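It should be emphasised that the depicted structure is a prediction, and the values quoted were computed from it without experimental measurement. Letters A, B, ... mirror the listed sequences (proteins, then strands); counts begin at 1.
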2 protein chains.
Amino acid sequence: MRSQGQTWEATRDRIGAEIASGRLPPDSRLPSEPELCRLYDARRHSLRRALAALEAEGKLRVEHGRGTFVERAPLVNYVIGQRTRFRENLLSQGLTASGQSLSEAQIPADARIARLLGLPVGALVHAISRRGFANELPISLGWSYHDASRFPELAELRRQGISVTEIYRSHGIEDYQRLRTTIFTRPANEREAPLLMLRPGQSVLIVQKVDVDKAGRPIGFSEAAWAGDRVQFTFETTPPYSFATEKHDDV
Amino acid sequence: MRSQGQTWEATRDRIGAEIASGRLPPDSRLPSEPELCRLYDARRHSLRRALAALEAEGKLRVEHGRGTFVERAPLVNYVIGQRTRFRENLLSQGLTASGQSLSEAQIPADARIARLLGLPVGALVHAISRRGFANELPISLGWSYHDASRFPELAELRRQGISVTEIYRSHGIEDYQRLRTTIFTRPANEREAPLLMLRPGQSVLIVQKVDVDKAGRPIGFSEAAWAGDRVQFTFETTPPYSFATEKHDDV
DNA sequence: TGCCATTTGTCCGTATGTATC
DNA sequence: AGATACATACGGACAAATGGC
């Protein structure tokens with residue numbers, strides 16, 4: 001076996017158990033590193049490795065010069081049907097929803113955007129970037145792309161707080177639906193992490209979707225990075241019942 | 001600034017660039033740690049921190065006593081509609097699909113399973129655990145639960161390689177569909193990581209679903225952990241068109 | 001089988017930089 | 001400015017897994 005103390009994994013598990021049990025409640029501050037070293041009979045290197053692992057799991061948040069805190073993990077269950085809107089989704093869970101525009105531009109469509117929107121490469125599209133919040137906590141970072149010739153004043157209307165659904169309607173698009181939704185996970189990059197209040201390396205869920213009109217023609221494409229430890233997605237394929245599945249059940 | 005060498009982040013980025021550029025191709029072995037220290041003028045601690053970060057991003061795979069290798073990242077696009085089967089999904093992408101039974105048991109339903117299946121707590125259910133492979137590489141680790149009184153010989157039939165769809169049909173269930181699918185991400189735990197050939201801390205996508213018959217009654221519940229860096233899910237909400245969205249595009 | 005070189009994993013001690021209060 | 005707390009870095013020792021001889 002080992003000639004020295006315990007492994008960093010043992011320390012990680014002991015602290016993790018404290019958090020899971022609730023003895024260390026969300027947002028509470030952990031003792032300082034020297035103190036933790038005494039409490040768990042660990043040397044600083046090993047203790048820090050344990051803390052780093054817990055941080056990567058999203059259970060802790062380490063703040064330089066301030067201390068180490070237990071992460072609170074509010075959970076947004078984002079229900080995706082054929083027509084889904086951000087606000088309603090969150091409001092129905094008793095959460096406050098808000099958004100913030102990060103950038104707006106008209107840009108020529110690159111090959112990917114052009115193909116997804118059924119436009120020629122180089123056609124002007126609105127590219128709008130927004131950040132979404134639930135209960136003042138950032139949860140998503142999104143980009144949307146719309147044909148600028150079809151929705152000339154889209155950016156202006158969005159800035160005024162008018163929803164995408166209403167803008168569609170004002171263009172005679174009474175009914176639209178999602179063509180498909182693609183979802184995968186990857187580590188947050190250095191741009192996303194601070195905006196989502198994640199540490200680099202924590203996971204985001206990338207959700208890409210295409211809205212189509214009744215004729216099946218694409219009218220908008222969007223993709224968003226969601227804070228992986230604060231959200232789950234539910235895809236409804238039939239009228240909603242009252243079942244529920246729960247996050248963080250061990251599988 | 002710093003009194004000593006470069007930061008571990010600089011080393012991480014330099015090696016990461018080598019991988020991204022293809023100069024270090026997938027599955028190739030990196031030089032040993034002492035060699036890398038010389039190449040990048042880093043000390044062992046800092047170098048190892050850089051490697052650990054790249055490993056967490058899924059770009060490298062470090063094998064104790066053997067060496068460090070560039071990770072290959074085959075991508076499975078798993079399309080989920082109302083009726084979806086594992087094999088067809090992979091075969092349509094030119095991948096070979098296979099599965100392996102890990103465990104089979106009849107157990108009393110706990111509160112969650114009972115609620116999801118619409119059974120009383122304690123009712124006997126088949127609990128079957130399987131591992132799925134694409135091109136011989138493990139990609140999923142799943143558990144399924146079915147009412148044992150309704151499908152008495154389910155485990156036996158599954159062992160013989162008979163699909164769930166066929167078993168349903170033999171019980172007069174000609175048509176069934178997913179009620180809902182819930183998906184979220186979390187780090188792989190220590191049980192899952194080796195079975196999915198992931199390192200602890202890399203992300204899995206958890207997919208939970210309930211199958212219902214035409215009357216809307218639940219007939220089966222399953223949940224699976226998918227290797228997060230090897231799979232994406234696409235939810236079709238309308239008849240399939242020929243659009244595509246691509247993984248690993250920077251958002 | 002066993003020995004041994006190679007390679008990665010863990011741990012310890014220490015010094016100094018940097019952010020916060 | 002000083003105290004506290006986290007971040008980075010260096011050096012050294014030994015453990016454990018692998019693979020060749």
Separation of [N] [atom2] from [X] [atom1] (nearest whole Å):
| X | N | atom1 | atom2 | answer |
| --- | --- | --- | --- | --- |
| A:E35 | D:dA5 | CD | P | 9 Å |
| A:L30 | D:dA5 | CG | P | 13 Å |
| B:L36 | C:dT7 | CG | P | 11 Å |
| A:R61 | C:dA19 | CZ | P | 19 Å |
| B:R43 | D:dG11 | CZ | P | 6 Å |
| A:E63 | C:dT20 | CD | P | 9 Å |
| B:R12 | D:dA9 | CZ | P | 11 Å |
| A:R48 | C:dG13 | CZ | P | 16 Å |

| query | Are A:R43 and A:D41 ion-paired here, with the side-chain N under 4.0 Å from a carboxylate O? | reply |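 Salt bridge flag = yes for A:D41 with A:R43.
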| field | Candidates D:dA9, D:dT8, C:dT8 - which lies nearest the side chain of A:R44 | value |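 Minimum distance to the A:R44 side chain belongs to D:dT8.
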| When you measure from the side chain of A:H64, which nucleotide among C:dC11, D:dC6, D:dC10 comes out closest? |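 Nearest to the side-chain atoms of A:H64, counting from C-beta on, is D:dC6.
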Between [X] and [N], is there a side-chain N or O to OP1/OP2 distance below 4.0 Å?
| X | N | value |
| --- | --- | --- |
| B:R66 | C:dT8 | no |
| A:S32 | D:dT4 | no |
| B:T68 | C:dT8 | yes |

| field | 5' precedence on DNA chain D between A:R199 and A:H45 (nearest-nucleotide basis) | value |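 First, find each residue's nearest nucleotide; the 5'-ward one identifies A:R199.
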| said: Judged by each residue's nearest nucleotide on DNA chain D, which is more toward the 5′ side, A:R29 or B:G65? | reply: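 Looking at the nearest nucleotide for each, A:R29 comes out on the 5' side.
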| A:E71 pairs by salt bridge (Lys or Arg N to Asp or Glu O under 4.0 Å) with which of A:R199, A:R230, A:K59, A:R61? |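 The single option meeting the salt bridge (Lys or Arg N to Asp or Glu O under 4.0 Å) with A:E71 is A:R61.
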| message | Could you walk me through whether A:E192 and A:L198 satisfy the side chain to side chain contact (heavy atoms under 4.5 Å, CB included) test, starting with their C-alpha distance in whole Å, then the side-chain angles of each, then the deciding distance to 0.1 Å, before giving a yes or no? | response | CA-CA 8 Å; A:E192 296 158 347; A:L198 294 174; over 6 Å; no
| query | Hey, are the side chains of A:R158 and A:H146 touching, using non-hydrogen atoms and a 4.5 Å cut-off? | reply |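 The answer is no; the side chains never approach within 4.5 Å.
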| For A:G142, does its backbone N or O pair with a side-chain atom of A:S140 as donor and acceptor, under 3.5 Å? |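 Checking the backbone N and O of A:G142 against the side chain of A:S140, no donor-acceptor pair under 3.5 Å is found.
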| message | Taking any heavy-atom pair under 4.0 Å as a contact, classify B:R49: base, sugar-phosphate, or nothing. | response |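 Sugar-phosphate contact only.
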